Colleague: 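Have a look at this one.
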There are 2 protein chains.
Amino acid sequence: MQLTPMIESFVYHFGEMGSRWGFNRTVGQIYALLVISEEPLCANEIGDLLGISRGNVSMGLKELGSWQLVQVIHKQGERREFYQSRGSIWDMANRVFEERRKREMDPTLSLLRDIMMDEAANQEEIYAQKRITEIHDLLENITEWTQSLQSLSPDKLNTLMKLGSGVGKVLEFTDTFLSKKEPAKKT
Amino acid sequence: MQLTPMIESFVYHFGEMGSRWGFNRTVGQIYALLVISEEPLCANEIGDLLGISRGNVSMGLKELGSWQLVQVIHKQGERREFYQSRGSIWDMANRVFEERRKREMDPTLSLLRDIMMDEAANQEEIYAQKRITEIHDLLENITEWTQSLQSLSPDKLNTLMKLGSGVGKVLEFTDTFLSKKEPAKKT
DNA sequence: TTGAACTTTCAGAATTTTCTGAAAGAATAA
DNA sequence: TTATTCTTTCAGAAAATTCTGAAAGTTCAA
């Protein structure tokens with residue numbers, strides 16, 4: 001594999017963005033490389049292409065492994081290990097969501113719940129609890145929602161995505177549908 | 001305002017999480033403080049409560065201002081400026097999404113589009129372009145989708161959120177609905 | 001068991017990010 | 001105008017993160 005200008009710009013950009021998605025520049029670059037390479041790459045080749053140390057490659061691959069974003073390939077008669085990105089682009093996005101949820105949402109929700117259980121000691125804490133409850137409910141909704149999206153089959157998800165701004169229309173329609181099915185229930 | 005243990009744990013946790021959402025620890029803490037304080041706070045008070053320098057508070061507030069997450073309040077007969085979190089929790093989440101989209105998605109989409117326009121020079125680049133196109137389409141879908149969610153009215157959004165895992169059901173239903181309305185069109 | 005070819009680990013170096021505090025700037029009152 | 005009370009800026013300090021490369025670990029063939 002060779003770093004043509006096209007591939008280089010993709011890899012570097014992914015490096016910059018990577019840090020936003022919860023991993024560092026090098027990890028982003030390694031992953032970008034593996035995603036657009038048809039052939040699995042070995043650790044030395046990755047280090048050479050990106051101009052980073054062998055140790056750094058090792059740590060990056062370990063990190064990507066913990067995110068389940070790469071898999072190790074063993075080639076016939078090769079002692080070296082080769083690495084490949086894992087799953088489809090959809091799977092990749094799902095993994096990133098999943099991982100972020102575990103690292104960011106879950107601990108936050110747990111803390112907020114704890115605070116909600118506490119006895120408010122004064123006026124200020126009563127107000128604080130009110131706000132914290134709002135935040136908790138919002139985060140919980142978002143979490144449940146993304147989880148339910150993740151459990152949809154890929155082609156259903158695709159349909160949903162393609163709907164785009166049609167979501168509003170679907171919702172109106174769903175409203176009438178729901179109120180017909182359950183006329184007694186009010187939102 | 002005083003930092004009781006309850007409020008302190010909330011503020012510190014938000015500080016840690018803040019960096020995940022695109023701003024640093026101090027900015028997260030300042031924002032957390034403003035969110036759970038019923039009264040607007042002045043810059044000195046914020047600095048004292050968090051134990052950070054006056055200059056740092058100023059920079060943090062500037063950052064939050066650029067995100068449109070805080071607003072300045074002028075009190076009768078006070079020379080100092082007071083700060084308050086702006087809008088509802090929903091608004092806050094929207095602002096964060098919006099800002100992240102601008103900073104992360106838009107530049108990436110633009111780069112990917114550029115690469116897609118390039119002429120592939122060899123087999124490797126042909127494969128790379130294929131993958132890049134997949135990523136582009138996925139990101140574009142997600143972007144359009146979140147934008148359409150953002151343009152929904154808060155109460156519609158709420159309904160949608162409350163649907164949770166009902167999304168699957170709605171989708172099935174939508175399928176039949178769509179195929180009845182547009183029987184000629186195939187996905 | 002040895003040696004070759006690889007991988008992993010981790011202390012300290014390099015780099016990047018964040019924070020401080022002094023100085024400069026702005027608004028207002030007298 | 002000057003004094004007072006606030007805010008902002010930014011160079012350099014401090015802290016946090018990331019990276020390197022040598023050493024230790026692993027695997028396997030002979």
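The shown structure was predicted, so the numbers you read here are calculated from the model rather than taken from an experiment. Computed from heavy atoms alone, side chains included, the values below leave out hydrogens, waters and symmetry copies.
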Colleague: Name the one of I30(A), N24(A), T26(A) that satisfies side-chain contact (heavy atoms from CB on, under 4.5 Å) with N56(A)?
Modeller: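 Output: one option passes, namely T26(A).
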
Colleague: Between R80(B) and dT5(D), is there a contact of a side-chain N or O with OP1 or OP2 at under 4.0 Å?
Modeller: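 It does not, given that no N or O in the side chain of R80(B) lies less than 4.0 Å from OP1 or OP2 of dT5(D).
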
Colleague: Quick one: I52(A) CD1 to dT7(C) C1', roughly how many Å, whole number?
Modeller: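 Interatomic distance, CD1 of I52(A) to C1' of dT7(C): 15 Å.
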
Colleague: Quick check: are there more than 12 heavy atoms from other residues, nucleotides or ligands sitting under 6.0 Å from CD of E119(A)?
Modeller: no

Colleague: NZ of K75(B): more than 12 outside heavy atoms within 6.0 angstrom?
Modeller: yes

Colleague: Tell me whether the side-chain N/O atoms of N24(A) come closer than 4.0 Å to OP1 or OP2 in dC19(D).
Modeller: yes

Colleague: What integer distance in Å separates M59(A):CE from dT9(C):C1'?
Modeller: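 Going from CE in M59(A) over to C1' in dT9(C) covers 9 Å.
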
Colleague: Under the criterion salt bridge (charged side-chain N to carboxylate O under 4.0 Å, His left out), I'd like the reasoning laid out for E98(A) against R101(A): C-alpha separation, chi angles, the key distance, then a yes or no.
Modeller: CA-CA 5 Å; E98(A) 181 76 8; R101(A) 186 176 58 69; 3.0 Å; yes

Colleague: Would you name the heavy atoms of R131(B) and S85(A) that are closest together and state the gap between them?
Modeller: NH2-OG, 3.3 Å

Colleague: Report yes if some heavy atom in the side chain of D114(B) is under 4.5 Å from a heavy atom in the side chain of D118(B); otherwise report no.
Modeller: no

Colleague: Between P on dT17(D) and CG on N56(A), what's the gap in Å once rounded to a whole number?
Modeller: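 Interatomic distance, CG of N56(A) to P of dT17(D): 16 Å.
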
Colleague: Please report the distance, rounded to the nearest Å, between CD in E63(A) and C1' in dT8(C).
Modeller: 15 Å

Colleague: Whole angstrom is fine here: how far is it from CG in L61(A) over to P in dC19(D)?
Modeller: 13 Å

Colleague: Output one line per pair: protein atom, nucleotide atom from nucleotides 24-28 of chain C, and distance, for all N/O pairs under 3.5 Å.
Modeller:
unit_1	atom_1	unit_2	atom_2	d
dT28(C)	O2	R79(B)	NH2	3.4

Colleague: Nearest whole angstrom, please: distance from the C1' of dC6(D) to the NE2 of H74(B).
Modeller: 12 Å

Colleague: Please state whether the phosphate of dC19(C), meaning OP1 or OP2, lies under 4.0 angstrom from any side-chain nitrogen or oxygen of T26(B).
Modeller: yes

Colleague: Grab the NZ-C1' distance between K62(A) and dC10(C) for me, whole Å please.
Modeller: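 From K62(A) NZ to dC10(C) C1': 10 Å.
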
Colleague: Please compare F82(B) and R54(A) by the position of their nearest nucleotide in DNA chain D and report the one closer to 5'.
Modeller: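 Taking each residue's closest nucleotide, the earlier one in sequence belongs to F82(B).
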
Colleague: If each of S58(A) and G51(B) is mapped to the nucleotide of DNA chain C with the nearest heavy atom, which maps nearer the 5' terminus, i.e. the 5' end?
Modeller: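 Between the two, 5'-proximity favours S58(A).
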
Colleague: Would you tell me whether T4(A) and E125(B) have side-chain atoms, one donor and one acceptor, within less than 3.5 Å of each other?
Modeller: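 Yes, E125(B) and T4(A) have a side-chain donor paired with an acceptor closer than 3.5 Å.
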
Colleague: Measure the distance from CD on E78(B) to P on dT7(D) and round it to the nearest whole Å.
Modeller: 10 Å

Colleague: Hey, is the side chain of N44(A) poking within less than 4.0 Å of OP1 or OP2 on dA5(C), counting only N and O atoms?
Modeller: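 Checking N44(A) against dA5(C): no side-chain N or O falls below 4.0 Å of OP1 or OP2.
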
